[in-house]
Amino acid sequence: MHAGDEALRRLRDAVKKLDVGILVNNAGIAKPGAVFLHEADVEAWVRMIRVNLWAVTEVTAAVLPGMLRRGRGAIINMGSASSEGISLPLHTMYSATKRYVAQFSRSLYVEYKSTGIDIQCQVPFFVATTMASGFAATWRPSALVPTADTYARAAVGWIGKGGPLCVPNLRHRLLGWYFATVPGGVQDWFCLRENLRHRKMLRRARSPRASACRPLGHGMPSIE
Ligand SMILES: NC(=O)c1ccc[n+]([C@@H]2O[C@H](COP(=O)([O-])OP(=O)(O)OC[C@H]3O[C@@H](n4cnc5c(N)ncnc54)[C@H](OP(=O)(O)O)[C@@H]3O)[C@@H](O)[C@H]2O)c1
């Protein structure tokens, strides 16, 4: 048995004994960052699937019986705008795992709606966290990149109100509407160009020469 399976089994057993009112499936990873699919070890993809997709599934399944018994509860799954209608070349696996989270949430929302349990997937654009540094150099807070605190405040306000798929941050919603007006081919070109640039940056940072010269710290591309 994979060590992770054992950890999830123990988590599931522990959760069964708790009265979980609200579950936020927030954990997620984007490593190895901007790479072509064939460039990363298969283990990196398995790890991503386990955290982004399998853990969400297991933990959700674990809390549902208790919520059903009590006839209420809320489950918030962290998806990503990267899975909604745009391509995300060089982050293909990340956006694909987030697509799973969105579809998982949409269907469960319908499945459990009449039982008093609200299931929601939030699909933000960039939020200024460590993860965002794995996507772009421009991860610092700005008009379109809220801090984690700002995002969390908006996110909490949408629990139970936003439907199965929502974008709590107003500026993210505006960004989504803007993106929807850009032709698909232009979006593809732009995302590929940006992510190729970021891949180049990551490769430079990963080179033995770069790591000998400077330690990787806050604000640097995240490297595993
Ligand atoms: N930041 C963005 O721009 C953005 C945009 C869209 C969606 N999201 C989604 O938002 C969620 C939160 O991301 P973030 O931006 O806050 O990223 P982050 O700063 O990298 O934090 C990731 C979180 O996931 C946890 N985690 C990672 N691997 C784990 C594991 N194996 N077991 C348990 N916990 C683990 C981390 O716990 P530790 O701190 O203990 O390592 C941390 O709390 C993710 O699902 C992400 O995909 C983020």
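Atoms within each ligand, like the ligands themselves, are counted from 1 in listed order. Computed from heavy atoms alone, side chains included, the values below leave out hydrogens, waters and symmetry copies.
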Handout entry: Polar side chain donor-acceptor pair, Thr60 to Asn25, under 3.5 angstrom
Key =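 Looking only at side-chain atoms, Asn25 and Thr60 do form a donor-acceptor pair, the distance falling under 3.5 Å.
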
Exercise for the section: Answer with yes or no whether the side chains of Ser83 and Ser80 bring together a donor and an acceptor at under 3.5 Å. Expected result: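 Ser80 vs Ser83: no donor-acceptor pair found between side chains.
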
Exercise for the section: Please report the closest heavy-atom contact between Pro32 and Leu202, naming both atoms and the distance. Expected result: O-CD1, 4.4 Å

Practice task
Can you see which heavy atom on Met48 is nearest to which on Ile29, and at what distance?
Solution key: CA-CD1, 3.7 Å

Exercise for the section: For ligand 1, list the protein residues that place a heavy atom within a distance below 4.0 Å of one of its atoms, sorted by chain and number. Expected result: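 Asn26, Ala27, Gly28, Ile29, Val51, Met78, Gly79, Ser80, Tyr94, Lys98, Pro124, Phe125, Phe126, Val127, Thr129, Thr130, Met131, Ala132.
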
Exercise for the section: For the pair Glu6 and Arg10, find out whether any cationic side-chain nitrogen is under 4.0 Å from an anionic carboxylate oxygen. Expected result: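 So Glu6 pairs with Arg10 through a salt bridge.
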
Handout entry: Sidechain N-carboxylate O distance under 4.0 Å for Asp13, Arg9
Key = yes

